[in-house]
A.B. asks: 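Quick one: structure below, then a few questions.
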Amino acid sequence: AEAANLPPLTEAQKNKLRHLSVVTLAAKIKVVALFFPEFSSRWNYLVLVTIMFSQCIPYSVLLEQLQLKNVRQLEDLVIEAVYADVLRGSLDQRNQRLEVDYSIGRDIRREELSTITRTLQEWCQGCEVVLSGIEEQVSRANQHKEQQLALKQQIESEVANLKKTIKVTTAAAAAATSQDPEQHLTELREPAPGTNQRQASKKTSKAKGLRGSAKIWSKSN
């Protein structure tokens, strides 16, 4: 009744209303954040998975709601809406449907306030879970760092004590023999003069003895 009192709409105005109608049909797109705390104990971090459910709108529904005559007009309208950044998606010509990945927001209705409030509360709870997990990992990392530092200090202390013990032992042994500690260490590392010559002479005499015994054995034969 009121439409008769309004001026007729231009084709551009009709297309804009059709774009908004597509946005209304695609308003069921949901983004759900799923938390898997059972993975945190295995890999030591929280896994946050965001799943976007694409809203698939059949061509038949769009043709009826937008009052279009054929699929060609519908596809041209959707392509125009995509270029206008009204929505993002793809045309599935094989299955005769529009897959909407994103669409602009429209004015909030009063009955949607409770849903928005609940969604924001769930998001805040998810953020608190992630923050708690991060703080736990930071605490574990700090504890591991402190343990490694304490272990390093312990090893360095043991090495220093061992060096002192070796030095005192060497000094005591050198004092007992009335030698310089450095000279005593050198003598411990290097063999005494003539040792190699005695070992070589022992090897030579042994070889000669073996050759002599071989000659005697051959003569007896």
Side-chain angles (χ1 to χ4, degrees), residues 1-139 141:
E2 296 181 358
N5 299 326
L6 298 175
L9 297 175
T10 63
E11 194 64 27
Q13 291 173 338
K14 289 180 181 179
N15 286 338
K16 185 174 182 179
L17 289 176
R18 290 188 179 107
H19 292 169
L20 295 176
S21 298
V22 175
V23 171
T24 302
L25 293 173
K28 295 181 180 180
I29 294 178
K30 298 179 181 180
V31 177
V32 181
L34 303 178
F35 297 92
F36 297 93
E38 61 272 14
F39 292 156
S40 62
S41 59
R42 181 176 179 182
W43 290 304
N44 293 327
Y45 62 88
L46 285 171
V47 178
L48 172 62
V49 180
T50 302
I51 302 176
M52 176 174 285
F53 298 94
S54 297
Q55 176 69 16
C56 296
I57 308 174
Y59 278 8
S60 57
V61 176
L62 291 171
L63 289 171
E64 180 183 356
Q65 294 293 326
L66 303 178
Q67 298 180 359
L68 296 174
K69 297 179 180 179
N70 52 55
V71 175
R72 177 62 184 273
Q73 292 181 350
L74 174 62
E75 291 180 346
D76 290 342
L77 178 69
V78 172
I79 293 172
E80 182 181 348
V82 171
Y83 277 108
D85 205 20
V86 175
L87 58 88
R88 297 174 189 169
S90 59
L91 292 168
D92 187 355
Q93 295 179 339
R94 181 178 181 180
N95 296 314
Q96 293 288 295
R97 64 185 183 183
L98 169 64
E99 295 182 359
V100 181
D101 298 328
Y102 161 82
S103 63
I104 62 174
R106 299 202 62 179
D107 295 338
I108 299 174
R109 292 176 295 181
R110 186 176 296 275
E111 56 268 20
E112 295 177 347
L113 292 177
S114 59
T115 303
I116 295 174
T117 303
R118 184 175 65 255
T119 303
L120 292 175
Q121 289 176 350
E122 293 175 355
W123 175 256
C124 291
Q125 293 175 357
C127 291
E128 290 177 356
V129 172
V130 173
L131 181 60
S132 176
I134 293 174
E135 290 177 350
E136 182 180 355
Q137 298 307 315
V138 170
S139 177

A.B. asks: Apply the test side-chain contact (heavy atoms from CB on, under 4.5 Å) to residues Leu131 and Glu135: give CA-CA distance (whole Å), side-chain angles for both, the deciding distance (0.1 Å), then the verdict.
C.D. replies: CA-CA 6 Å; Leu131 181 60; Glu135 290 177 350; 3.9 Å; yes

A.B. asks: Residues in side-chain contact (heavy atoms from CB on, under 4.5 Å) with Val82, at least two apart?
C.D. replies: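 Applying side-chain contact (heavy atoms from CB on, under 4.5 Å) to Val82 gives Val78, Leu87.
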
A.B. asks: Hey, what do you get for CD1 (Ile104) to NE2 (His19), rounding to the nearest 0.5 Å?
C.D. replies: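 Answer rounded to 0.5 Å: 10.0 Å.
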
A.B. asks: May I ask you to decide if Arg97's main-chain N or O and Asn95's side chain share a donor-acceptor pair within less than 3.5 Å?
C.D. replies: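 A pair under 3.5 Å: no.
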
A.B. asks: Which value, rounded to the nearest 0.5 Å, describes the distance between Ser139 atom OG and Ile134 atom CD1?
C.D. replies: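 Going from the OG atom of Ser139 to the CD1 atom of Ile134 covers 13.5 Å.
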
A.B. asks: Where do Tyr59 and Gln93 land on the side-chain hydrogen bond (donor to acceptor under 3.5 Å, both in side chains) test, with the steps shown first?
C.D. replies: CA-CA 9 Å; Tyr59 278 8; Gln93 295 179 339; 5.4 Å; no

A.B. asks: As a test of understanding, state which of Leu74, Val86, Leu66 forms a side chain to side chain contact (heavy atoms under 4.5 Å, CB included) with Val22.
C.D. replies: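 Only one option passes, and that is Leu66.
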
A.B. asks: Return yes if some donor-acceptor pair links the side-chain N/O of Thr24 with the main-chain N/O of Leu20 below 3.5 Å, else return no.
C.D. replies: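 Checking the backbone N and O of Leu20 against the side chain of Thr24, a donor-acceptor pair under 3.5 Å is found.
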
A.B. asks: Counting neighbours of CD on Gln67 that are heavy atoms of other residues, nucleotides or ligands and sit closer than 6.0 Å, is the number greater than 12?
C.D. replies: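 Result for CD/Gln67: open.
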
A.B. asks: Could you measure the distance from the CZ atom of Arg118 to the OG1 atom of Thr115? Nearest 0.5 Å is fine.
C.D. replies: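 Separation between the atoms: 4.5 Å.
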
A.B. asks: Under 4.5 Å between any side-chain heavy atoms of Leu62 and Leu68, yes or no?
C.D. replies: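 Counting from C-beta outward, Leu62 and Leu68 never come under 4.5 Å.
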
A.B. asks: Are any of the side-chain nitrogens in Arg88 or Asp101 under 4.0 Å away from the carboxylate oxygens of its partner?
C.D. replies: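 Result for this pair is no, no salt bridge flagged.
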
A.B. asks: Might you confirm whether atom CD of Glu64 has over 12 heavy atoms from other residues, nucleotides or ligands at distances under 6.0 Å?
C.D. replies: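 At most 12 heavy atoms, drawn from other residues, nucleotides or ligands, come within 6.0 Å of this atom.
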
A.B. asks: Does any non-hydrogen side-chain atom of Val71 lie less than 4.5 Å from one of Gln96?
C.D. replies: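 The answer is yes, as the side chains (C-beta and beyond) meet within the 4.5 Å cut-off.
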
A.B. asks: Is there a donor-acceptor pair closer than 3.5 Å between any side-chain N or O of Gln73 and the backbone N or O of Lys69?
C.D. replies: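 Judged by distance alone, yes, a pair lies under 3.5 Å.
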
A.B. asks: Hey, is the main chain of Glu128 close enough, under 3.5 Å, to the side chain of Ser132 for a donor-acceptor pair?
C.D. replies: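 No.
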
A.B. asks: Tell me, do Leu91 and Ile79 make a side-chain contact under 4.5 Å, heavy atoms counted?
C.D. replies: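 Side chain of Leu91 against side chain of Ile79, heavy atoms only: contact under 4.5 Å found.
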
A.B. asks: How close do Ala26 and Ser103 get, heavy atom to heavy atom, and via which atoms?
C.D. replies: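 Taking every non-hydrogen atom into account, O-OG, 4.0 Å.
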
